[in-house]
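Some notes on the structure that comes next.
Everything numeric in this text was worked out from a predicted model, so none of it was measured.
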Amino acid sequence: HSLTIEKDLSSRKMIETNLGIKTIVLLSLLMLIKAEIRHYQGLIEANSSYIHFSDGYLKAPGYIDLSNLNFASLSPLASLLTKEIKGNKTYVDSTVDIAFFHLPSSCASSKAGCDWPSLGVGASDDKGNLRWCCSENSQELGFCDEKSLGRLIVNAESFKGQHRFIDIPSSDEFFSNLKYGKLEEPVNSGKYALVIANCNDAGRDVIASGDYTWKSVHGYLPGNLFGEMYFFAFLTVSYLILAGWYGIKMKMHEDSYIPIQRWIMGTILMGLLETFFRSGDYWVWNEDGSRFWFALYTGILIGVLKHGLSRCLILMMSLGWGVVRDQLDGLKQIIILGVLYIGTATARDVMTILAVTEFEALSDQGEDDILEVVTILKFGVAAIDVIFYLWILDALNGTMQYLENMNQARKLSRYLRLRCILLFSILFALMWAVFVSVNSLLDEGIVEEQNTWVADASMELNYLVLLASVAYLWRPDPNAKNYAYVMELPALGEGDDDDDGGHELEMTENVPSALDDDEEGENGD
């Protein structure tokens, strides 16, 4: 992903400058990653202390096209102000270097990242000195020779990428772009870095503006997201089948369905809409190179509503609504908790997108602030989830205890199945959370970068299985109302009490509520 970050390299262990100069790397190109047709407009200052770079994922054969990225001189007024700030110095002819190279998967997915000097960009030594540009100080350290002064340090022996440059005159206005701006990669898929450096301190600042394109063999969608697009398409088809089956069953038994089945149907439809918009966003992104923002944010909002509604639904089921209880005294608390979850999760997802894709005018501190907010929101969502899970399990135990005391074997059997499904779902989520945590803590992750989307996909699949299982347990049928509103009673036959064959089940419409049972317990006290 492309970020707009100014990062002080003096904080890194490799960097200890003898002159006390802080080397700065700008992980920049503003207004990027909104699409793989990326737009940039910003100043490329003549400074040997930092470089600019952007990264992305290509699936070979692919290319990056810089032909529409233009480099121009500052306006006369801006040039005059810049000259005064820099001490009215005389400019010299200079060069803007552009390097495009592959980041090996062995280091690209690691926590430390790739050592660029070993890939031929920049230079370092065993004393911790690191330089990107060839300056007088770099020459003193032996990193480059006099011929390379004012240029990006590129080791011809170890650099395996592509190198381009644009000459910047010392005077007069100029406007230029790369003559051969299409940099193709026919073989290696993976993460790539694009570096732009204006390394000559005596050169002129330039303005870079325009669009540049990252395109893989399948289209504009980043190569590491291509599998996720197909996954959302699969989920869309799955939800469509589930919604069709449940809708037909409700139509066939429209005279006997119960309110909770409408909630289940609503949750299924939300899942269908969410995955439809998410897959649509990816499809448009892949075809046109720009994101379909309406589909993106609509999918996120519907997805959050789906998860919030489903948590409330499972909790209401666990409390016995429509089976044991005619009404829920705690409905207000359930709604408040659901709204709190929806609000917190929506803020988390939107802020996550802003932190990754919309750094148009944010410095390093700005990004850190957003990421800190995202972390807090994630903990908030996790805390609300814990409350939901504990409440659900406690409610299930209470409802099943009531059904057992009332000898409601058929209803108890269904709740036992529901508890089993929930426990397996929670166990899967916990195991996957441990796996993801271990993967993130390792220096080299277990999951390759192009497959990192599988983490979120697994949880979506877990949710779909849970929802389909609940829909099956509470599927519409001719006896749905009898099941919900009729009490199961044992009837004695002619045999002895111990003779099971002399028993049969009778039904009564006089259904005691679990609330009545609670009230009797309180009166008894």
Side-chain angles (χ1 to χ4, degrees), residues 231-279 299 302-325 328 334 338 341-342 385 388-389 391-393 395-396 399-400 403 408 410-429 457-485:
F231 175 75
F232 277 119
F234 163 75
L235 286 184
T236 302
V237 174
S238 300
Y239 275 110
L240 182 61
I241 294 173
L242 182 60
W245 167 74
Y246 207 80
I248 292 173
K249 295 283 286 185
M250 289 188 69
K251 183 64 177 178
M252 290 173 59
H253 309 292
E254 58 183 342
D255 294 332
S256 60
Y257 70 77
I258 54 180
I260 200 169
Q261 291 170 344
R262 289 198 294 265
W263 283 69
I264 295 174
M265 186 62 187
T267 306
I268 295 173
L269 291 177
M270 282 190 175
L272 174 61
L273 289 175
E274 178 203 10
T275 54
F276 172 77
F277 280 112
R278 295 290 295 273
S279 57
I302 294 177
V304 171
L305 289 173
K306 176 196 72 176
H307 285 286
L309 178 62
S310 60
R311 281 160 172 75
C312 294
L313 176 62
I314 293 294
L315 179 54
M316 293 163 68
M317 285 180 173
S318 302
L319 288 168
W321 179 57
V323 176
V324 175
R325 301 174 185 266
L328 295 174
I334 295 173
Y341 173 87
I342 291 171
D385 272 335
F388 264 117
Y389 294 150
W391 195 354
I392 287 171
L393 293 176
L396 268 177
T399 300
M400 288 191 296
L403 292 174
Q408 301 298 293
R410 291 178 59 193
K411 296 181 180 181
L412 178 61
S413 175
R414 181 172 296 187
Y415 271 88
L416 285 170
R417 294 173 186 172
L418 176 62
R419 184 176 68 173
C420 183
I421 293 169
L422 287 174
L423 289 177
F424 271 112
S425 178
I426 293 172
L427 179 61
F428 176 84
S458 297
M459 297 311 300
E460 288 293 335
L461 194 60
N462 181 37
Y463 176 86
L464 175 60
V465 172
L466 175 61
L467 179 60
S469 300
V470 171
Y472 181 77
L473 286 178
W474 267 266
R475 62 191 181 277
D477 61 61
N479 299 316
K481 284 188 175 180
N482 290 336
Y483 173 82
Y485 303 124

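- Remark: Arg414 is positioned above the aromatic ring of Trp474, its terminal NZ or CZ atom under 6.0 angstrom from the ring centre and at most 45 degrees off the axis.
- The CG atom of Leu315 sits 9.0 Å away from the CG atom of Leu396 when rounded to the nearest 0.5 Å.
- The minimum heavy-atom distance linking Glu274 with Ile302 is given by the pair N-CG2, 3.9 Å.
- Contacts of Ser425 classified as side chain to side chain donor-acceptor pair (under 3.5 Å), with partners at least two apart in sequence or in another chain: Asn462.
- Heavy-atom contacts from other residues, nucleotides or ligands closer than 6.0 Å to CZ of Phe388 number more than 12.
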| request: Start with the C-alpha distance between Leu466 and Phe428, add both sets of side-chain angles, then the distance that settles side chain to side chain contact (heavy atoms under 4.5 Å, CB included), and finish with yes or no. | output: CA-CA 11 Å; Leu466 175 61; Phe428 176 84; over 6 Å; no
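- Residues Ser256 and Asp477 fail the side-chain proximity criterion, which asks for heavy atoms closer than 4.5 Å.
- In this structure, Gly266 and Leu309 approach most closely via the heavy-atom pair C-CD2, 4.5 Å.
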| task | Show the numbers, then the answer: is there a side chain to side chain contact (heavy atoms under 4.5 Å, CB included) between Leu473 and Ile421? | result | CA-CA 10 Å; Leu473 286 178; Ile421 293 169; 3.8 Å; yes
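- Closest non-hydrogen pair, Ala233 versus Ser279, comes out as N-CB, 3.9 Å.
- A donor-acceptor pair under 3.5 Å is formed between the side chain of Arg311 and the backbone N or O of His307.
- Annotation: side chain of Ile248 is not in contact with side chain of Lys251 (no heavy-atom distance under 4.5 Å).
- Shortest non-hydrogen contact noted between Ile342 and Val304 is O-CG1, 3.3 Å.
- Note that the CE atom of Met317 and the SG atom of Cys312 stand 12.5 Å from one another [nearest 0.5 Å].
- Between Ile426 atom CD1 and Ile392 atom CD1 the span is 7.0 Å, to the nearest 0.5 Å.
- When side chains are defined from C-beta on, Ile260 counts as touching Leu313, because their heavy atoms get closer than 4.5 Å.
- Atoms CG and OH, on Leu242 and Tyr239 in that order, are 8.0 Å from each other to the nearest 0.5 Å.
- Using a 4.5 Å heavy-atom threshold, the side chains of Leu461 and Phe234 count as touching.
- Partners of Tyr246 under the side chain to side chain donor-acceptor pair (under 3.5 Å) rule, at least two apart in sequence or in another chain, do not exist in this structure.
- Summarising the geometry, atom CG belonging to Leu423 is positioned 8.5 Å from atom CG belonging to Leu427; distances are rounded to the nearest 0.5 Å.
- Between Tyr472 and Trp245, the two ring planes are parallel [angle under 30°; tilted spans 30° to 60°].
- Put simply, CE on Met250 and CZ on Arg475 are 14.5 Å apart, with the number rounded to the nearest 0.5 Å.
- Side-chain atoms of Tyr463 and Ser310 include a donor-acceptor pair closer than 3.5 Å.
- Between Lys306 and Glu460 there is a salt bridge, since a side-chain N of the basic residue sits under 4.0 Å from a carboxylate O of the acidic one.
- In this structure, Trp263 places its CH2 atom where only 12 or fewer heavy-atom neighbours from other residues, nucleotides or ligands lie under 6.0 Å away.
- Using modelled atom types, one side-chain atom of Thr236 and one backbone atom of Thr275 make a donor-acceptor pair closer than 3.5 Å.
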